[in-house]
Each structure stands twice: as C-alpha cells, then as structure tokens.
Amino acid sequence: MEIATARRPQAAIYIAPLPKDISRFLEKTRHEFTESLLESERGFAKSVQESSQQTALREESEKFRGHVTRDLLTVATSGMADMLRKHRDRREELKTFSRLDPTRVVGDRTMTDEEESFCRTLREVNEAIICKRPVNPAESFSNLVGVSGNHHASQLWRAFTALTSPFEHPKSTPNSPEKFRLSRLFAESLVNRSRQYLENSAYESHLSHASSSSSSNMAAADLVRFCAKSHLTKLKLAQPSLTSGGEQPVWALIYYSLRLGLSKVSLDFVETGDDSTQDIRRYLVEYDRQRGWLSDGSRSELEKAYRRLGGANLDVFKKAVYAVLSKTETNETFPGVTSTVSDWLWMKLSQVSLAGKGFTLIKLQEQVKEKFDSNASDDAECFLVYILTGLFELALERLAENTKYLIHAVHMAVCLQHSDILITSNDSQEGGDSPIGLDFIALIKSHVRPFRKQTPEAAVEYYFHLAPFPALCAIDVRSDHPFRSMFELCLYKLARDTRSAWKIFGVLEDAGEDAGEDVRLRRGVVHKFLTDPEGLMVAVAKAFETEGRFEEALVLLELAGQQRMLLQALLRILSAILVVPVEDAKRKSVYAVATASAKRLNKSIEEEKLIGNVFILLDLITFIDTFDRKQYHQAVVIMKELRIVPVDADKVLEAVDNYKSILLTDVRRCVPEMTLYTMRALVSWFAVEREKTHGYRVLSRSALEYLSSSQLMDSTISHGNELQIDQLRETFRQYCLAVLEFAQSIPSPQLPDLLETLVKLESTISGP
C-alpha cells in the first residue's frame with residue numbers, strides 16, 4: 001500500500017459579513033466602553049489635581065503658621081516694637097519692587113552716571129517748580145534719555161511725553177486726580193493723544209521703510225498705497241492693481257489712510273470707489289473735521305447702514321472702516337487688519353465712546369487688563385499699552401519690575417505727580433471705577449535708598465516730591481515734632497542715618513578777615529525747599545543729642561538761630577560728658593565745638609546766668625583734662641580759681657552759697673563728681689610731693705610757692721625729711737578736710753557713697 005506524500009490543496013475560507021444591526025450594536029458598545037474609559041480617566045485626573053491643590057494649600061498653611069509662630073517668638077524675645085517694625089517693612093515692600101537687586105539696598109554706594117544725570121535734570125525741574133516757572137518734567141527727562149543713546153528707553157519716554165503733557169484740570173476737580181481721571185474731559189483728551197501718537201508712529205515707520213526703497217519724496221497717497229501693499233502682502237492678498245493702476249482695494253486704502261492719520265487722503269480714495277464708498281464720504285469729512293469723532297446722529301446712521309449691509313459678509317477692511325467711524329463691533333478683533341498690538345490698540349481707541357452706555361474708556365481699560373495681565377508679555381509692550389489707555393499706575397508698576405527700567409519708572413511717576421494725574425495708594429479710594437493707586441512713597445524710597453547716605457543732597461531732591469503727602473510716622477521715629485509732610489519726615493530720618501547732615505542743613509564757615517564776623521552760614525539744600533526749616537532742625541538736633549552726636553546737635557541749634565535752646569543744650573551736653581565717662585577724643589571734640597558756640601553766644605545773648613554756667617562747665621572740662629594729664633598741681637589751682645569745690649577752710653561757706661545761688665541744675669549734677677576729682681587730685685599731688693621730699697630732702701619749689709600763696713602755712717618748713725613730710729601731710733590734710741566739709745553740705749544722689757570714698761582717700765594722707 002503506497003503512502004501519499006503530496007499535500008492536498010485546501011479550499012479558501014469565506015467569512016460572511018456580520019449583519020448591519022449586529023455591527024451597529026458592536027460599534028455602539030465599543031463607543032460606550034471607550035467613553036466610559038475616558039470619563040474614568042478624566043475623573044482620575046481631576047481627583048489628582050484636587051489632591052495637588054489641597055497639598056499646596058496645606059503647604060501654604062504650614063508656611064503661614066510658621067510666619068505666625070516666628071512673629072509670636074519675636075514678641076516673646078525681642079519685644080513688640082521689633083515685630084511691628086518688621087510688619088511695617090513688609091507693608092512698604094511692594095510686590096512691584098520685590099525683584100530689586102539686594103545689592104542696591106545698601107545705602108552707602110555712590111551714584112551711577114545715569115543716576116547723576118537724572119538727578120541733575122530733576123534739580124533743574126525742582127528749581128523751576130520752586131520759582132513757579134512753567135516746566136514740563138516729562139519733556140526734560142525725555143530729552144535727557146534721547147541724547148543718551150538708549151533707544152528702547154527713548155521710545156518709552158516718547159510715548160509717555162506724548163500722553164502726559166500737562167492736562168487742563170476743570171475747576172470742579174482741583175487737585176483731585178481720581179475725579180479728573182473719571183471725567184469726560186480726561187477720556188477725550190487721552191484718546192486723542194493716544195490715537196495721534198499711534199498714527200504718527202505708524203506714519204513715521206512706514207515712511208522710513210518707503211524711503212529706503214524709493215529715492216524720491218513720496219506723496220501721502222503713495223505712502224498709503226505702500227502701507228496697504230505691505231500689509232496685504234503679509235496677508236497673501238497682494239493685488240498688482242495697487243501699482244499698475246487697475247481696480248484698487250479701496251476699503252483697504254481708506255482704512256490705512258485713517259490708520260496713518262491721513263483722513264484727508266481717504267477722501268481721494270473714496271472718489272475711486274463705487275456707490276458704497278460714496279455713501280460714507282460725508283462721514284469721513286466730519287471725521288476729519290472733528291479730529292476723529294462723529295456726532296451721535298452720524299454714528300447712529302452709520303450703525304444702521306452697517307446692520308443693513310450684513311456685517312458678517314462684508315469685506316474685512318470695509319467692516320473695519322465702519323467699526324472705526326460708527327464705533328461698533330467693539331468685541332471684534334479684526335484678525336486680518338490688526339496684525340500688531342499697535343493696530344489693535346488704535347482700533348480699540350477709535351471705537352471708544354464718550355457716552356455712558358457705549359464702549360467707554362473704562363471698558364477699554366478692563367479689556368486691556370484682561371489681555372495683558374500676564375508676565376509672559378514684554379515689559380515695554382505692556383507699558384505702552386497701559387500708558388496709552390490711561391492705566392498709568394499699572395504701567396509704572398510693570399516698568400519698575402524690570403530693574404533696567406526702574407529709574408525711568410521713578411521719574412515718570414514724578415512727572416505724573418507733578419501733573420496732578422497720578423493716583424497714589426494713600427489717596428485712592430477703594431471700590432468704584434477708580435484705578436488702583438501706586439505706592440509713590442515706596443517707589444521714591446526704593447530709588448534713593450542705595451545712595452541716600454552717601455549723597456543725601458540728591459535724596460532731598462527726590463524727597464521734595466513727597467511734600468503733598470501727610471507724614472506717616474513709623475514706630476522707630478520717636479519725636480514730638482509735628483511733621484507737616486512726608487518730606488519733612490524723610491528729611492528727619494535721612495539726617496539721622498547719614499553722617500553728612502551738614503549737606504542738608506548747612507554749615508558754619510570762617511567768614512574771613514574782611515567780613516567783620518567770625519563765621520558765616522553756608523546754607524544747605526533744605527533751605528531751597530523750606531522757608532522755615534528751623535523746627536525740623538531742632539527736632540534733628542534733639543535726636544542727635546539722644547544718640548550722642550553732640551557736636552552735630554550744637555551746630556544745628558546754632559544754625560537754626562535758637563540761642564536759648566543752644567544754651568540749654570550746652571548745659572545738658574557738657575554736664576553729661578562730665579558725669580558719664582567718654583573717650584578723650586570725644587570730649588575734646590565736644591569741648592572745641594561748645595567753646596566756639598559759647599564765645600559767639602557771649603557776644604549776642606543777655607542770659608548772663610546761663611552763659612556763665614556754660615563757661616563753668618567748660619572750665620570743669622579743662623580741670624578734668626588737666627587731671628588726666630597728671631598735672632595735679634595745676635588741676636588744684638584751676639579748681640581753686642573756679643571756687644566750685646573749696647580747698648581752703650575759709651572758702652567752704654562761699655562755695656556752698658555759690659552752689660545754691662549761682663549754679664544751675666545741670667552744673668549741680670556735676671559737683672559731686674568734681675568733688676571726688678578734687679580729692680583725688682589732692683591725694684595724687686601729695687603723693688608726688690612726698691616722693692620728691694624723700695628724694696631731695698627739701699620740698700619742691702612749686703609746693704612751697706603754692707603753700708605760701710595759700711596763706712595756710714605761715715611757719716617756715718624745717719629741713720629734714722620727716723619734719724617736712726609731717727608738715728606736708730598736715731597741710732594737705734587741711735585741704736582734704738575743707739573738701740569733706742563741703743561734700744557734707746551738698747546733696748549727691750548720683751554718688752551715694754561719696755563721703756565714704758572721700759574719707760578713704762583722705763586717710764591715705766593722714767596715715768603713715
């Protein structure tokens with residue numbers, strides 16, 4: 001039997017199609033299952049997102065709890081004042097200025113060349129303001145930036161200057177920026193200026209491009225054709241008829257005529273169009289005559305005509321022209337026409353209506369804030385959009401976020417403040433349509449803080465613009481002076497922080513041989529801004545005295561012409577450095593300033609008792625200096641001549657009477673200390689003379705002269721060491737007993753153990 005090795009061919013398998021009802025069922029089931037999976041996936045993603053948000057909230061809560069705990073610990077350790085000071089610093093640091101370079105907040109660096117140039121211009125502006133001369137600060141700063149070569153900043157200043165040239169405030173809103181900014185007059189003026197700026201910028205830009213491609217001067221109509229062709233080319237809608245003379249895109253030419261500010265040229269293009277273009281001729285004439293505005297009746301007619309035409313099917317440029325003239329389609333973006341931000345903004349400004357029910361400036365501002373409220377937008381672009389729509393405060397805040405533009409934001413804010421159109425956070429009212437206020441004070445402070453200590457006179461130029469604001473005293477300002485403005489308060493703090501207060505308030509200089517006077521006043525920068533800075537100078541002098549800056553305090557009081565206050569300060573300060581130990585250099589410095597002031601006062605003041613006590617204190621300082629130089633004999637002679645602490649028994653009653661009748665309270669405070677110094681001087685002098693007697697077997701000549709002149713020793717000192725020492729001891733003991741008797745007759749609350757100390761010192765003489 002044979003086995004077959006070849007395979008038998010298999011028949012093709014036929015798969016019958018499913019019935020349509022089963023296919024539809026399977027497709028429906030598959031779709032439902034897919035949707036169920038997608039829904040489940042979406043639910044899972046949503047739950048993950050919610051969980052992430054809750055985690056973030058918990059983290060923020062933990063951070064907040066940490067801040068609160070740290071603050072509470074601060075209260076427990078450093079006290080409430082430190083915590084309040086920290087909170088004040090947090091409030092003053094605006095979100096706008098959080099990106100500032102920390103190295104700029106040192107206070108001791110010198111000004112940069114750019115800062116110096118801006119400060120010089122500001123100084124000129126301030127002088128014009130003080131002298132009540134007409135001045136446009138924006139124009140001055142714009143010219144400065146223009147010659148600096150900074151193209152980007154120059155463009156910003158150009159727009160700013162065009163928008164913020166002096167506004168005419170109505171009599172109904174004097175010095176009220178908020179009310180004026182909400183007025184019809186401001187809206188009309190701002191829209192006109194912004195639109196004109198955008199039109200001029202577009203005209204100059206296209207003229208520059210056209211001039212580079214054509215050597216001859218281009219007529220206005222040709223420039224419009226060039227502009228239309230370039231834009232249509234970008235849109236891939238270019239038509240050869242723009243140059244060949246055939247049928248032209250009339251509506252595009254009319255629109256770009258309006259966009260370039262050439263409304264008269266648009267009338268020429270109307271003649272080349274059909275009946276539809278002829279229908280708007282009279283409206284264009286009115287538009288040109290009214291500088292971009294139509295009457296309510298004309299706008300109503302145009303709007304009705306536009307509705308009859310069917311806006312959805314119109315040519316995009318025809319639609320744009322109708323939107324500009326009738327101020328309709330305010331929600332339309334016109335993507336084929338507004339290719340740039342400037343085009344979009346010009347279109348929106350052209351659609352602004354002054355009527356309350358139309359597309360007002362406030363509604364445009366809301367659109368702008370929604371569209372450009374993002375950090376992804378360019379700072380300069382945001383600034384231009386904000387400034388051209390009247391959002392001045394947001395424009396400056398956005399510009400100040402960039403440290404490169406911070407200096408420009410500061411001086412722009414100064415210009416707006418001078419023009420009375422800046423709304424600050426101190427003046428703005430919450431709610432309503434009022435714009436958010438700018439923290440003008442914090443902006444000025446953030447600019448001057450890096451260099452205020454090094455160049456305080458420059459800081460004063462900026463602080464001058466804080467004069468309209470009331471003083472808001474911080475917790476670290478402990479002064480009873482009623483500061484009239486934030487300007488005075490900043491001057492007060494600046495003088496305390498800097499070591500160059502003389503640059504602010506002035507200095508006394510040598511008058512020279514021919515002047516007839518010893519010194520003359522060289523005024524400081526503050527005299528330029530304040531006609532009566534004496535009260536502020538007195539407040540600063542009091543602060544200096546509290547801080548131990550005695551020399552500056554005395555000079556300030558003399559500069560302020562407060563003679564009686566100067567005398568009282570001299571008494572307090574000289575008494576303080578006598579009672580409380582100070583460094584020799586400090587005492588000598590105060591002594592030199594006080595002596596010069598007292599000599600000048602002695603020529604002009606009639607307060608003999610006050611000036612006499614001042615000279616007594618000066619002599620007491622001389623007594624202390626002589627003692628410190630170990631010239632004990634001379635120190636005792638000085639005290640004997642002063643007759644404050646007696647060294648002779650018959651002078652005790654006179655010294656006590658002088659203490660009660662002549663010496664003032666501040667001098668009396670020093671008498672116990674001077675009594676102790678006198679006793680120490682006597683003991684030290686005795687020790688020196690005793691050593692000399694041991695060495696030379698005779699008294700020194702100085703001791704003999706003094707003892708003979710004192711009339712306390714009539715007998716001649718015998719030769720021999722022991723006899724001389726006994727006689728010397730008895731003589732000095734009599735001196736010490738006179739000092740002790742005087743000390744028992746005066747109060748010494750500062751030195752409660754004065755008598756005990758004096759007795760111990762006297763015992764060193766009485767003993768062996």
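All values derive from a computational prediction rather than experimental measurement. No hydrogens, no waters, no symmetry mates; every other heavy atom, side chains included, goes into these values.
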Identify each donor-acceptor pair in which a side-chain atom of residues 130-140 lies under 3.5 Å from a protein atom, sequence neighbours left out, and give them as a table.
residue: Asn136; atom: OD1; partner: Ala138; partner atom: N; Å: 3.3
residue: Ser140; atom: OG; partner: Asn136; partner atom: O; Å: 3.4

Test of understanding: with salt bridge (Lys or Arg N to Asp or Glu O under 4.0 Å), list the residues that count as partners of [X], not counting sequence neighbours.
X      : result
Arg123 : Glu461
Glu188 : none
Glu124 : none
Arg281 : Glu271

What are the two closest heavy atoms between [X] and [Y], and how far apart are they?
X      : Y      : answer
Ala400 : Leu406 : CB-CD1, 3.8 Å
Arg449 : Ser446 : NH1-CA, 3.7 Å
Thr338 : Thr333 : OG1-O, 2.6 Å
Glu397 : Gly437 : OE2-O, 4.1 Å

*Enumerate the residue pairs fulfilling ring-ring contact (aromatic ring centres under 6.0 Å, His included) with a member in residues 114-152, sequence neighbours excluded, ordered by first and then second residue.*
Phe118-Phe141, Phe118-His408, Phe118-His411, Phe141-Trp157, Phe141-His411
Partners passing side-chain hydrogen bond (donor to acceptor under 3.5 Å, both in side chains) against [X] (at least two apart in sequence or in another chain):
X      : result
Arg282 : Glu301
Thr328 : Ser326
Tyr197 : none
Thr531 : none

What do you reckon, are the aromatic ring centroids of [X] and [Y] less than 6.0 Å apart?
X      : Y      : value
Phe464 : Phe529 : yes
Phe317 : Tyr256 : yes
His447 : Phe451 : yes

_Any Asp439 side-chain heavy atom under 4.5 Å of Thr424 side chain_ = no
*Knowing that exactly one of Lys348, Lys318, Arg307 qualifies, which makes a salt bridge (Lys or Arg N to Asp or Glu O under 4.0 Å) with Glu329?*
Arg307
Donor-acceptor under 3.5 Å ([X] side chain, [Y] main chain):
X      : Y      : value
Lys327 : Ser350 : yes
Ser230 : Cys227 : yes
Ser154 : Asn150 : no
Glu115 : Met111 : no
Thr110 : Gln454 : no
Arg193 : Ala162 : no

*asked:* Is it true that Tyr405 and Arg398 share a donor-acceptor pair across their side chains at a distance under 3.5 Å?
replied: no
*Thinking salt bridges, do Arg181 and Glu393 make one under a 4.0 Å N-O criterion?*
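Yes, this pair counts.
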*Steps toward ring pair (Phe, Tyr, Trp, His ring centres under 6.0 Å) verdict (Phe487, Phe469)*: CA-CA 8 Å; Phe487 175 45; Phe469 299 93; over 10 Å; no
*Any side chain to side chain donor-acceptor pair (under 3.5 Å) pairs touching residues 286-300, not counting sequence neighbours?*
Asn192-Trp293, Ser263-Asp288, Lys264-Asp288, Glu286-Ser295, Glu286-Ser298, Ser295-Ser298, Asp296-Arg299
*Residue pairs, two or more places apart or on separate chains, that pass salt bridge (Lys or Arg N to Asp or Glu O under 4.0 Å) and touch residues 195-205*: Arg158-Glu204
